[in-house]
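In each ligand, atom 1 is the first atom listed, and ligand 1 is the first ligand listed.
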Amino acid sequence: MAEFDLVVRNGTVVTAADVSRCDIGIKDGRIVALAERLDTSGQVLDASGRLVMPGGIDSHVHIAQDGDDGTIMADDFRSGTLSAAFGGNTTVIPFALQPKGHSLRAAVQTYHERAEGQCLTDYSFHLIIADPTEQVLGQELPALVQDGYTSFKVFMTYDDLKLNDRELLEVFDVARREKALVMVHAEGYDAIKFLTERLERAGRTDPYYHAESRPIPVEREATHRAISFAEIVDVPIMIVHVSSADAIEQIRWAQSRGLKVYAETCTQYLTLTADDLKGLNMEGAKYVCSPPPRDKESQDACWTGLQSGLFSVFSSDHCPFRFDSPAGKKKQGERTAFKWVPNGIPGVEVRLPILFSEGVGKGRLSLQEFVALTSTNHARMYGLAPRKGSIAIGADADLVLWDPDRKVTITQDLMHHGADYTPYEGMEVTGWPETVLLRGTVIIDKGVQTGKAGDGRFLHRSISPFASPRGRRPTQYD
Ligand code: URP
Ligand code: ZN
Ligand code: ZN
Ligand code: ZN
C-alpha cells in the first residue's frame with residue numbers, strides 16, 4: 001500500500017505564517033507529510049505554477065434560511081455549497097435560525113434536515129437567537145454549546161429578529177458563561193424604523209433609499225452600544241459585516257482599550273458603494289444588503305482595517321435572493337418600495353478571487369494575510385482549528401490550488417449559485433481557484449465539478465479560544 005493516497009507536488013504552499021515550495025503528502029484525508037520532495041507510488045497532483053492554500057472557510061453565509069413573509073432564499077445547501085466549492089472554499093458556516101415562538105433546538109434540527117446529504121463542502125451552524133426565552137437561555141443554549149454549536153448571532157435590527165437591550169445583555173451573559181462567541185449585527189432598529197417611515201412619507205421608496213434609511217450613524221451607534229454591553233458583561237464579541245469608517249473607529253477604540261472586540265468585513269464593503277443602489281427599474285435592488293454599501297472613504301477604511309489586523313475575518317455574507325422570478329423576491333411585482341426588498345446579496349463564489357485580486361494583486365495584502373483573513377482566522381475564531389484552516393501535519397487536507405495569473409471577468413454565467421444575478425457582474429479579477437480538495441478528495445478539478453452532494457460533513461466545533469474574557473489566552477497553536 002502506498003505511503004500516501006495522494007501527493008500534491010511542486011506547488012507554492014501558503015499558510016497564514018509562511019510561503020514555501022514543498023510537496024504535501026495526504027493519507028486518509030489528512031496531511032501527513034510536508035517535504036521538499038515526497039516520492040510515492042500512488043497518485044500525484046501537479047501543482048507547478050500554482051499557489052496551494054488552505055481551502056477557504058466562509059464563516060458568514062446564509063443558506064436555505066427562513067425569511068419573514070415566506071421569502072425564499074435562492075440557495076439550498078446543494079447549490080450554496082457547490083457555489084462555495086467553485087469559489088475555492090471547503091468549509092462554510094451558515095446559520096440555524098430560531099423563529100420567534102419556537103425552540104432553538106428544533107431549529108437546529110430543521111437546518112440539519114435541510115443540509116443532510118446535500119453539501120459539497122464541510123459545514124457547521126451558528127445559532128441565530130431571535131427569541132431568548134428562559135428556556136433558551138437557561139437550557140437550550142448551554143446544551144447546544146456542549147454539542148458543538150459554539151457561536152451565536154444576535155440582531156439589533158429587523159422586525160422579526162431584533163433583540164432589545166435587555167435581551168442582548170442576557171444573551172451576552174450566557175455566552176460569557178458558556179464561552180460561546182457572539183456575533184453581532186450592529187444597526188439600530190428604532191433609528192431605521194424612524195427614517196424608513198420618514199422616507200416613505202416623502203415618497204422616497206426606490207432601492208437607493210434603503211441606504212438612506214440606515215446611514216452610517218445607525219451603524220456607529222449600534223456598534224458602540226454592542227461594545228459597551230460587551231464591556232458591561234465582560235464578554236468577547238464579534239461585530240460582523242462592518243461597513244463604515246465610523247464603525248471601524250469604534251472598534252479601534254474598543255481594541256485599544258484592551259476589549260476583546262473582534263470584527264469582520266465583507267466583499268461588498270470593499271467593492272460596492274451606495275451609488276450601486278441607484279439603478280433604474282428596481283435594478284438597485286440587486287445591491288440591497290444591510291449594512292448597505294457606503295462610499296470610497298469607508299472602502300478605504302475597510303482596507304486599512306484588513307491591513308492593520310483590526311479585522312480578523314473576511315467573509316461574504318452570502319445571502320442570495322433571485323431578482324426576477326415568481327418565487328424570488330428582490331423585485332416583487334407591485335411592491336417596488338425598498339422596504340419590501342429582502343436584504344442580502346450573493347457572493348460566496350467570488351469572495352476569494354476578489355480579495356486576492358484587489359488585495360494581493362494590488363499590493364494591499366500579503367499572501368499570508370490573504371490566507372489568514374479567508375481561512376485560518378475563521379478556523380481559529382470559530383473552534384475549527386487545528387483541524388481546519390491550515391496546511392500542517394494532522395490537518396484535514398482541505399486545499400485550493402490557485403492560479404495566480406488567470407484573468408477572469410465575473411459574470412452570472414460563471415456562477416453556480418441559485419441567484420439569477422451577481423452584484424459583481426463585469427468585474428475583472430486576476431487569480432482564480434482551479435482545483436479544490438476536501439479532505440484529500442478532489443471536488444473541483446480544473447474548474448470541473450468532481451465532488452458530489454453529501455461529500456461535505458457536519459463539523460462539531462470546539463469552544464473558541466477567543467471567547468474567553470480571562471482564562472487561557474489564545475496561543476499560536478489555536
Ligand atoms: O443584508 C444582509 N446582510 N442580509 C443577511 C442577513 C444579515 O444580516 O447578515
Ligand atoms: Zn411559527
Ligand atoms: Zn447581519
Ligand atoms: Zn449575514
Side-chain angles (χ1 to χ4, degrees), residues 58-69 71-75 80 84 92-99 111 124-130 151-163 168 171 181-189 192 196 207 209-211 213-214 218-219 222-223 225-226 237-244 247 262-272 274 276-277 284-294 302 313-323 328-330 338-348 351 378 382 417-419 423:
D58 198 335
S59 60
H60 189 157
V61 299
H62 303 266
I63 301 177
Q65 200 179 291
D66 295 311
D68 49 347
D69 69 17
T71 307
I72 298 165
M73 227 168 233
D75 274 315
V92 293
I93 316 183
F95 298 85
L97 181 149
Q98 173 204 20
Y111 283 86
S124 186
F125 294 115
H126 307 290
L127 309 172
I128 290 179
I129 303 164
S151 48
F152 321 147
K153 185 175 179 196
V154 292
F155 288 80
M156 298 171 77
T157 191
Y158 293 133
D159 285 323
D160 50 338
L161 297 174
K162 69 163 191 316
L163 303 189
L168 289 170
V171 172
L181 189 59
V182 203
M183 310 158 79
V184 182
H185 180 124
E187 289 186 298
Y189 177 80
I192 294 170
T196 300
Y209 294 104
H210 169 75
S213 75
R214 44 222 309 151
V218 166
E219 184 187 19
T223 302
R225 185 153 39 104
I237 55 170
M238 164 72 75
I239 315 265
V240 292
H241 47 49
V242 175
S243 71
S244 66
Y262 307 110
E264 170 202 80
T265 191
C266 311
T267 322
Q268 50 271 40
Y269 306 118
L270 300 178
T271 53
L272 305 177
D276 288 307
L277 291 159
K286 293 180 176 176
Y287 304 90
V288 167
C289 59
S290 293
R294 308 286 188 187
C302 288
V313 284
F314 179 79
S315 308
S316 68
D317 194 6
H318 179 79
C319 187
F321 298 98
R322 292 181 68 85
F323 177 67
K329 296 286 182 122
K330 279 285 190 188
F338 71 81
K339 80 166 176 192
W340 299 113
V341 179
N343 288 196
I345 61 177
V348 71
R351 175 184 68 123
H378 298 254
Y382 293 110
H417 59 206

Next item on the list: Using a strict 4.0 Å cut-off to heavy atoms of Tyr158, name the atoms of ligand 1 that fall inside it.
Entry: 1 (O), 2 (C), 4 (N), 8 (O)
Next item on the list: Measure across Tyr287 and Asp276 and return the closest heavy-atom pair with its distance rounded to 0.1 Å.
Entry: CD1-O, 3.1 Å
Next item on the list: Before signing off on this row, confirm whether Gly344 and ligand 1 have an N or O atom pair separated by under 3.5 Å.
Entry: yes
Next item on the list: State, to the nearest 10 degrees, the angle whose vertex is the Zn ion (ligand 4) and whose arms point to NE2 of His60 and NE2 of His62.
Entry: 110°
Note to self: One residue to check: Lys153. Relative to ligand 1, which of side chain, backbone, both or neither has a non-hydrogen atom less than 4.0 Å away?
What the structure shows: side chain
Checklist line | Nearest-contact summary for atom 1 (O) of ligand 1 - protein heavy atom, Å | finding: Ser290 N, 2.7 Å
Check: Which ligand 1 atoms, with their elements, are less than 4.0 angstrom from a heavy-atom of His60?
Finding: 9 (O)
Check: Who's the nearest protein heavy-atom neighbour of atom 3 (N) of ligand 1, and how far?
Finding: Asp317 OD2, 2.7 Å
Item checked: Value rounded to 0.5 Å, distance of CE in Met156 from NE2 in His185 -> 9.5 Å
Margin query: Please give me the minimum heavy-atom distance between Met73 and Ala64, naming the atom from each residue.
Written below: SD-N, 3.8 Å
Item checked: Side-chain donor/acceptor of Asp75 to backbone N/O of Gly418, under 3.5 Å -> yes
Check: What protein heavy atom sits nearest atom 8 (O) of ligand 1, and how far away is it?
Finding: His185 ND1, 2.9 Å
Next item on the list: Mark up the atoms of ligand 1 that fall under 4.0 Å of a heavy atom belonging to Cys289, in ascending order.
Entry: 1 (O)
Check: What atom name does the N, O or S atom of Asp317 nearest to the Zn ion (ligand 4) carry?
Finding: OD1
Next item on the list: Tell me which part of Cys319 gets within contact of ligand 1: side chain, backbone, both or neither, using heavy atoms under 4.0 Å.
Entry: side chain
Next item on the list: Please confirm whether Phe95 and His62 have ring centers closer than 6.0 angstrom.
Entry: yes
Item checked: atom 4 (N) of ligand 1: the protein heavy-atom neighbour that sits closest, reported with distance to 0.1 Å -> Asn343 O, 3.1 Å
Note to self: Report whether any nitrogen, oxygen or sulfur of His241 sits less than 2.8 Å from the Zn ion (ligand 4) (N, O or S, backbone or side chain).
What the structure shows: no
Notebook entry, point to check: Within Phe155, is some N, O or S atom less than 2.8 Å away from the Zn ion (ligand 3)?
Noted result: no
Notebook entry, point to check: Of all heavy-atom pairs between Phe321 and Ile72, which one has the smallest distance, and what is that distance?
Noted result: CD2-O, 3.6 Å
Item checked: Heavy-atom closest pair, residues Ser243 and Glu219 -> OG-OE1, 2.7 Å
Next item on the list: Over all heavy atoms of both residues, which pair between Ala419 and Pro320 is shortest? Give the atoms and the distance, please.
Entry: CB-CB, 4.3 Å
Next item on the list: Would you please test Asp66 and Tyr111 for side-chain contact (heavy atoms from CB on, under 4.5 Å) and show each step?
Entry: CA-CA 10 Å; Asp66 295 311; Tyr111 283 86; 3.5 Å; yes
Next item on the list: Tell me, please, whether Phe323 has Lys286 positioned over its six-membered ring: NZ or CZ under 6.0 Å from the ring centre and within 45 degrees of its axis?
Entry: yes
Next item on the list: Give the name of the N/O/S atom in His185 that lies closest to the Zn ion (ligand 3).
Entry: ND1
